[in-house]
4 protein chains.
Amino acid sequence: MAEKAENSGKAQKSRNVERPEQSEAKAPDSSRRSERSRRAIYDAALALVGEAGYGRTTIEGIAARAGVGKQTIYRWWPSKAEVLLEAFLERGDRAAASDPALPDTGDLEADLKQVLRATVDELTDPGFEAPYRALAAEGVIDPDLGAQFARKLLEPGLQLYVHRLRAAQDAGQVDPDIDARTAVELLVGPLTHRWLLRTLPLTHAYADSLVEYALRGIAVR
Amino acid sequence: MAEKAENSGKAQKSRNVERPEQSEAKAPDSSRRSERSRRAIYDAALALVGEAGYGRTTIEGIAARAGVGKQTIYRWWPSKAEVLLEAFLERGDRAAASDPALPDTGDLEADLKQVLRATVDELTDPGFEAPYRALAAEGVIDPDLGAQFARKLLEPGLQLYVHRLRAAQDAGQVDPDIDARTAVELLVGPLTHRWLLRTLPLTHAYADSLVEYALRGIAVR
Amino acid sequence: MAEKAENSGKAQKSRNVERPEQSEAKAPDSSRRSERSRRAIYDAALALVGEAGYGRTTIEGIAARAGVGKQTIYRWWPSKAEVLLEAFLERGDRAAASDPALPDTGDLEADLKQVLRATVDELTDPGFEAPYRALAAEGVIDPDLGAQFARKLLEPGLQLYVHRLRAAQDAGQVDPDIDARTAVELLVGPLTHRWLLRTLPLTHAYADSLVEYALRGIAVR
Amino acid sequence: MAEKAENSGKAQKSRNVERPEQSEAKAPDSSRRSERSRRAIYDAALALVGEAGYGRTTIEGIAARAGVGKQTIYRWWPSKAEVLLEAFLERGDRAAASDPALPDTGDLEADLKQVLRATVDELTDPGFEAPYRALAAEGVIDPDLGAQFARKLLEPGLQLYVHRLRAAQDAGQVDPDIDARTAVELLVGPLTHRWLLRTLPLTHAYADSLVEYALRGIAVR
DNA sequence: GGCTAATCGAGACGGTACGTCCTGTCTTTGC
DNA sequence: GCAAAGACAGGACGTACCGTCTCGATTAGCC
């Protein structure tokens, strides 16, 4: 506990990192930004969250570990959470780029089971879990950050499922009247539910059951 | 964001709220506890979380608003999150007690749609949402609190669904080989997913779709 | 150089250390004040000013050296300068108490020469000089502090001279029409001038000359 | 209070403003110096010290107000105090040049009273007082700056008094055995004392008294 | 009259200290 | 002996400046 001052409301979020040309007040000049510092901050942030947890990770701590002045963090990010989000995206882009699509062997059930099992493994991987949980939790509270979290981190992954299901619909394996997006959530929603809320253990068997039940729900009648 | 010092790990300090008699060091005598202060603290905590958000709610603030010494809070709760959890339980017990079971009209689909729609309404009710989100987020990060959150707040509700589904199985409306618990998560998982992660709006139509898809998945073949 | 934020204008000076009963806003309860911390802060402040100079002495440094939280300093003093002023007074009270009057051997010139020579020695004593200069300089800039400096530190000493001169007037050694106070300043003004402004070295010979010239100026005609 | 980092000691850094040709490292080429910037900096420095006080005047503030880069200040001056000192000298040179000698009507007492009264007026003139006090205070703490302050600002003025007194000695109005320099300090020392240390108000009447007492002290016997 | 080198405005950088806020502990006083 | 009150050591917050460094863009002074 013991959070000090939620920045919600300050709202200079998403300031000008992406659109530096239209700022009204006092935008830093991103063309002169130190790439070295940016990377060092990402590394320090991810490392500290992994070691100490989100709540015990401080901006001062990140700055010190990165060998950077505090102002360099405050200049470019509006909050600790956004530092972590960008750090995560930077890392995630590589992962996403390396495997841009879900497998399609023609056997939808086998493909989905494989992917959901892999997701279970990822969500229980210690190195991945800590910062991801931290971000998710922060997004639960802060609508602004939550929206970014969903859009930048979650949606790209969900769209892969949507494409795979549409392919299955085209192949006549899934009811064409089904909304693919809702069907995707039928799969990943329960998984996320167990992971976030810790109601029951997250296992491969559970992943398999979900695929089976969900596919029955969306099968061609 | 901007939480200061996560209590993660510190939380399992004494836990003598529930078992004050076996404590090792110096348990306060709960028989002399001020009921007046306890209630005032709950009220203040819920009010402040609603007004300022979880992160901007402080123990000092709760104490001041409740007209109570800080030590009175530290004496009886190990963390800000647990104060809020108990405050919520206190309030929720009344709600749960007032309506202890899901409706059973014989029409499973109609019953579930009604309940899920009501859940959607509850999750988007401003007075309810703020502290509930705060607790959920805290539980996402803190395994200890998360376990309590799941056990005390979530499970009782989920069990109502399980009972209703078992009744439907007994009535031959649902495949008897289906695991009722997993089926429940097929319903509430996606709902929770949208609520927590804000991927898409949470609507009655979505609740209806979930019921339809899920029921097809668990229907008698 | 590089002073950061002069407190002039903030003006919550002389808050309630002396009159804790009439405060309007949020006066700390001085009856519960830690004597231990107070003394440690005085010691640390004087030591640091002596070692590093006034400008390089920081509140954080004083707090750290005294083993005290910063807030304990901010709670009781409005500025670094006032900490030092009180530290100095605490020390000075003992000195003043030990020798409450100027010598009176009947020979005014000899008495004054002795006292002024002693003053020269004091003003050039390294341990005494650093904090005294620091306070004087701060008082030069800050009218509020300067007034306190004059009233609490300077005036008591000047009054000793006034009494001695009045005794000399009563003894017929000094023109009774002379204003004793002005005569005192004729003696100590030039001394202070050389010390503060460093125009020329401060020596016993200079002290003697001042006494001679000044006594000629106020002698019985 | 709240000065941040006194530059004491750092001040003798390069001093290449006056001797740019012998520097060891990399002296800036003063022939290419921007006169425009130099004046703008002086103006900004004096204005800010007058408006906000010495402690709240920052190098960044001077640069911003002067429309100048920070480095332009750091390139040519070793400290904030020296900027102010030079700004003052620039202004003072004009004043000194316009009236290079004390009046000599033959009536020493009248001449001195006139000059001391004028000094009193100057020292209480708001526009003059703020930066002059600031410099004096800085010189009280920083020996290096204090020496410059005395040599460049004070001594020229004091020498005018010395010359006038020597003239009076030659005219047989003052004891020829008196040290003129000490006699000058007998006059201006007490005045400065009251001004710097704020013991009592600085008035024309006080100036007159000082002249009278001092002249009696140095009169021909 | 073009070349070149240094100064210029600008401002990002690694730092330090600020003064505030809150933590969790401890002590005093009253009930 | 719990409670209200609040002082305490500690530590992070976000801000303000420090003095250094690095960017183009003038702008000399020398060819």
Side-chain angles (χ1 to χ4, degrees), chain A residues 1-5 7 10 26 28-34 36-37 56 58-61 63-64 66-76 80, chain B residues 2-5 7 10 13 28-29 31-34 36-37 58-61 63-64 66-75 80, chain C residues 1-5 7 10 26 28-34 36-37 58-61 63-64 66-76 80, chain D residues 1-5 7 10 26 28-34 36-37 56 58-61 63-64 66-76 79-80:
Chain A
M1 87 283 320
E3 328 198 350
K4 193 162 134 201
N7 77 319
K10 307 258 179 115
K26 261 263 208 93
D29 178 350
S30 48
S31 72
R32 311 187 58 166
R33 185 169 183 181
S34 163
R36 207 175 162 288
S37 296
R56 275 195 288 270
T58 64
I59 301 246
E60 285 198 339
V68 136
K70 282 200 305 182
Q71 203 59 260
T72 299
I73 298 183
Y74 286 111
R75 181 153 38 231
W76 300 110
K80 186 174 66 170
Chain B
E3 329 201 349
K4 193 161 134 202
N7 73 318
K10 306 200 181 171
K13 238 176 243 182
D29 179 350
S31 72
R32 309 192 53 168
R33 185 171 182 181
S34 161
R36 207 174 160 288
S37 295
T58 66
I59 301 248
E60 285 198 340
V68 137
K70 283 199 312 182
Q71 201 57 261
T72 300
I73 298 182
Y74 285 111
R75 183 152 36 227
K80 185 174 68 169
Chain C
M1 89 287 313
E3 327 197 352
K4 193 161 133 204
N7 74 319
K10 307 262 180 109
K26 260 268 208 88
D29 179 350
S30 50
S31 72
R32 311 185 62 164
R33 184 170 184 182
S34 164
R36 207 175 162 289
S37 296
T58 66
I59 300 246
E60 286 198 338
V68 138
K70 282 202 304 182
Q71 201 60 259
T72 299
I73 299 183
Y74 285 111
R75 180 151 40 229
W76 300 110
K80 187 173 68 169
Chain D
M1 87 286 319
E3 328 199 350
K4 195 162 132 201
N7 74 318
K10 306 201 183 169
K26 37 154 56 185
D29 178 352
S30 50
S31 73
R32 310 190 57 165
R33 185 170 183 184
S34 162
R36 207 175 160 288
S37 296
R56 276 196 289 267
T58 65
I59 300 248
E60 286 198 340
V68 137
K70 284 198 312 182
Q71 200 59 262
T72 301
I73 298 183
Y74 285 111
R75 182 152 37 228
W76 301 109
S79 74
K80 185 174 69 170

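These numbers were taken from a predicted model, which means no experiment stands behind them. Proteins come first, then strands; the chains are lettered A, B, ... in the order of their sequence lines, and each starts at number 1.
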Among [options], which is the nearest nucleotide to the side chain of [X]?
{"X": "E60(C)", "options": "dC13(E), dG24(E), dG19(E)", "value": "dG19(E)"}
{"X": "Q71(A)", "options": "dT15(F), dC13(F), dG24(E)", "value": "dT15(F)"}
{"X": "P28(C)", "options": "dC18(E), dA7(F), dA12(E)", "value": "dA7(F)"}
{"X": "R32(D)", "options": "dG14(F), dA6(E), dT23(E)", "value": "dA6(E)"}

Does [X] make a side-chain N or O approach to OP1 or OP2 of [N] shorter than 4.0 Å?
{"X": "W76(D)", "N": "dC8(E)", "value": "yes"}
{"X": "R75(D)", "N": "dC8(E)", "value": "yes"}
{"X": "T72(A)", "N": "dG14(E)", "value": "yes"}

Sugar-phosphate, base or nothing in reach of S37(D), heavy atoms under 4.0 Å: sugar-phosphate
Touch class at under 4.0 angstrom, heavy-atom based, for G67(C) against every strand present: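 The answer is sugar-phosphate, as G67(C) gets under 4.0 Å only of primed atoms, P, OP1 or OP2.
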4.5 Å side-chain heavy-atom contact, W76(D) and S37(D): no
Pairwise distance NZ(K80(C)) to CD1(I73(C)) - rounded to 0.5 angstrom: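 The NZ atom of K80(C) sits 11.5 Å away from the CD1 atom of I73(C).
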Check: dG19(E) base within 3.5 Å donor-acceptor of K70(C) side chain: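 Such a pair exists between side chain and base.
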Whichever of V68(A) and S34(D) has its nearest DNA chain E nucleotide further upstream toward 5': S34(D)
